[in-house]
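Letters A, B, ... mirror the listed sequences (proteins, then strands); counts begin at 1.
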Number of protein chains: 2
Amino acid sequence: MSGPSDPLAAHTQPARRPRGRPPRIDHERVITAALELLDDVGLDALTMRRLASALDVQVGTLYGYFVTKRALLSAMAESMLTGCAEPLAPNLEWADQVVELSRRMRRALLRFRDGARVYAGIHAAGPNTLSFSNMFIGVMCASGMRVDDATRATFTIIRFIIGHALEEQAVAHASDDDLAADLDAVRTAVDSGDYPNLSHIAPLISGTDFNIYFEFGVRMLVRGLGDLSSART
Amino acid sequence: MSGPSDPLAAHTQPARRPRGRPPRIDHERVITAALELLDDVGLDALTMRRLASALDVQVGTLYGYFVTKRALLSAMAESMLTGCAEPLAPNLEWADQVVELSRRMRRALLRFRDGARVYAGIHAAGPNTLSFSNMFIGVMCASGMRVDDATRATFTIIRFIIGHALEEQAVAHASDDDLAADLDAVRTAVDSGDYPNLSHIAPLISGTDFNIYFEFGVRMLVRGLGDLSSART
DNA sequence: ACCTGAACACCGTTCAAGT
DNA sequence: ACCTGAACACCGTTCAAGT
């Protein structure tokens, strides 16, 4: 649509004269294919070779787009948070805004298999992560918190979300044997009488109600925010 | 000290007649060496081959003690929580008991390089993890909480601790180049004016005060517990 | 300018054979 | 009973050479 003299296009794609062979893949396509492959086979089986063959390219080619596998994973992590900083519904109280943002991030991490592991392993600092954090902190500031408290509170919640999603996905993709072994270990431990307080731990191992656990945790965290904000709800 | 007819020794080591060659290594020695190696080189460089050579053994030998590398990592994770369930000082209020237990787990995860990553990657269900969880839940129950609420609250806190330690160790062992690049990305982002609420985020990237962040988070979580316990402090 | 093909220095895991 | 030595099927990364 935009001709070669379009100043905006020239700005976003500086000095891009298509001399030589046009590229068969680009940054975006690699990331998309990598996330698709991740969802199919999991992080442990996500290899550069498999990704290359999914893109119909030789392995070495990928290193023209990402200097290292880590860099690719970092880009994948950033991409996962796409859309998390969309505007919130206008009529929400601040506590509900915090809950909504938390749910968004959890959903984003759960969207792809091992998403939480990918995100946790990387120090993402791209626009998606930054604008999400910025929005989260902003919601808290609007409730009357100081910026530094809002920052700490935000990262407390984000770390809980990551920790929770990590556990959730570990259970989701554990082999049936591993799961049965774990359940058995816990059951015999409880039956031994040495751990009287673990009676309610079984659903945690079998992963039946992670949604409830997550909502409980977020609500607990929001409650802990109370004293810091002047606008109590 | 205990002779061959000692009934207790016979119970802990059933049918152990030292015929054939005595073993040069055992479960415990492998775990200790693996944790030492982990601390030296980090999780990515912790290979079965390197571990074998640290123990002066061939690689294949290790598979006589741990069926898979995962099993070894699981045993390492369990071992890391040794001592976390020691009795608490008798004069602590319940909220301080929660804080003390949280600090213990954090310290345990931080003791070895990439400890949090090892622990997070595994679904540990050994005696250390179980008795620690049991104790944590027990402390909350003593404050008047119901067991199911205490269980959910405990795992909310534990998942925060893991998420926090994960981040902390990622920063601790990041290369100077990566750290500088991250800091630069955040700084230019803040300077652009698009992220007005990220002004207090720099110490989080450079990792100057993780202790303060951790204490903030735990206190926030304890505050969130308030309504669930009948014994407010 | 972009991609191929081949190589380098590794991995986890298995297993016959030795002692 | 325990360990060795060698192999199998992979890895991430690099780089000359082709088009």
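- Neither OP1 nor OP2 of D/dG12 sits under 4.0 Å from any side-chain N or O of A/Thr68.
- Residues passing the salt bridge (Lys or Arg N to Asp or Glu O under 4.0 Å) test with B/Glu215 are B/Arg103, B/Arg219, sequence neighbours excluded.
- Salt bridge present: B/Asp114 and B/Arg117 bring a charged side-chain N and a carboxylate O closer than 4.0 Å.
- B/Thr61 has a side-chain polar atom (N or O) that falls below the 4.0 Å cut-off from OP1 or OP2 of D/dT4.
- Closest contact between the side chain of B/Ile25 and the listed nucleotides D/dT4, C/dC3, D/dC3 involves D/dC3.
- Taking side-chain N and O atoms only, A/Arg50 has no distance below 4.0 Å to OP1 or OP2 of D/dC10.
- In this model, the phosphate group of D/dG5 is not approached by any side-chain N or O of B/Arg49 to a distance below 4.0 Å at OP1 or OP2.
- To the nearest angstrom, P of D/dC11 lies 15 Å from CG of A/Leu72.
- Counting to the nearest Å, the P atom of D/dC10 and the CG atom of A/Asp44 are 16 Å from each other.
- The pair B/Glu168-B/Arg106 counts as a salt bridge, with a side-chain nitrogen and a carboxylate oxygen less than 4.0 angstrom apart.
- Using a 4.0 Å heavy-atom criterion, one finds that B/Gly60 contacts the bases of the nucleic acid, with or without backbone contacts as well.
- As a whole-Å value, the separation of B/Leu55 CG from D/dC3 P is 11 Å.
- Contact record, B/Phe112 with B/Asp39: CA-OD1, 3.3 Å, taken as the closest heavy-atom pair.
- Distance from the side chain of A/Val59 is smallest for D/dT13 among the nucleotides C/dT13, C/dC2, D/dT13.
- Cation-pi geometry between A/Arg152 and B/Tyr213 is satisfied (NZ or CZ under 6.0 Å from the ring centre, within 45° of the ring normal).
- The shortest distance between the side-chain N/O atoms of B/Tyr65 and the OP1/OP2 oxygens of D/dC3 is below 4.0 Å.
- Separating the CG atom of A/Leu62 from the P atom of C/dG5 is a distance of 15 Å, rounded to the nearest angstrom.
- Aromatic ring centroids of B/Phe160 and A/His164 lie 6.0 Å or more apart.
- When the P atom of D/dC3 is taken as reference, atom CE of B/Met48 falls 14 Å away, rounded to whole Å.
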**Request:** Could you summarise the pairing of DNA chain C as dot-bracket text, marking Watson-Crick and G-U pairs under 3.5 Å with ( ) or [ ] inside the strand and | across strands?
**Result:** ||.|||||...|||||.||
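- Proximity of B/Thr47 to the phosphate of C/dC10: no side-chain N or O atom is located under 4.0 Å from OP1 or OP2.
- The separation between A/Asp26 atom CG and C/dC3 atom C1' is 15 Å, rounded to whole Å.
- The phosphate of C/dG12 (OP1 or OP2) has no side-chain N or O of B/Arg70 nearer than 4.0 angstrom.
- The separation between A/Asp56 atom CG and C/dT4 atom C1' is 13 Å, rounded to whole Å.
- One can place CG of B/Leu43 at 13 Å from P of C/dC11, the figure rounded to the nearest angstrom.
- Side chains of A/Tyr195 and B/Ser133: a donor-acceptor N/O pair is absent below 3.5 angstrom, by distance only.
- For A/Lys69, counting side-chain heavy atoms from C-beta on, the closest listed nucleotide (D/dT4, C/dT4, D/dT13) is D/dT13.
- Residue A/Asp26 places its CG atom among more than 12 non-hydrogen atoms of other residues, nucleotides or ligands, all under 6.0 Å distant.
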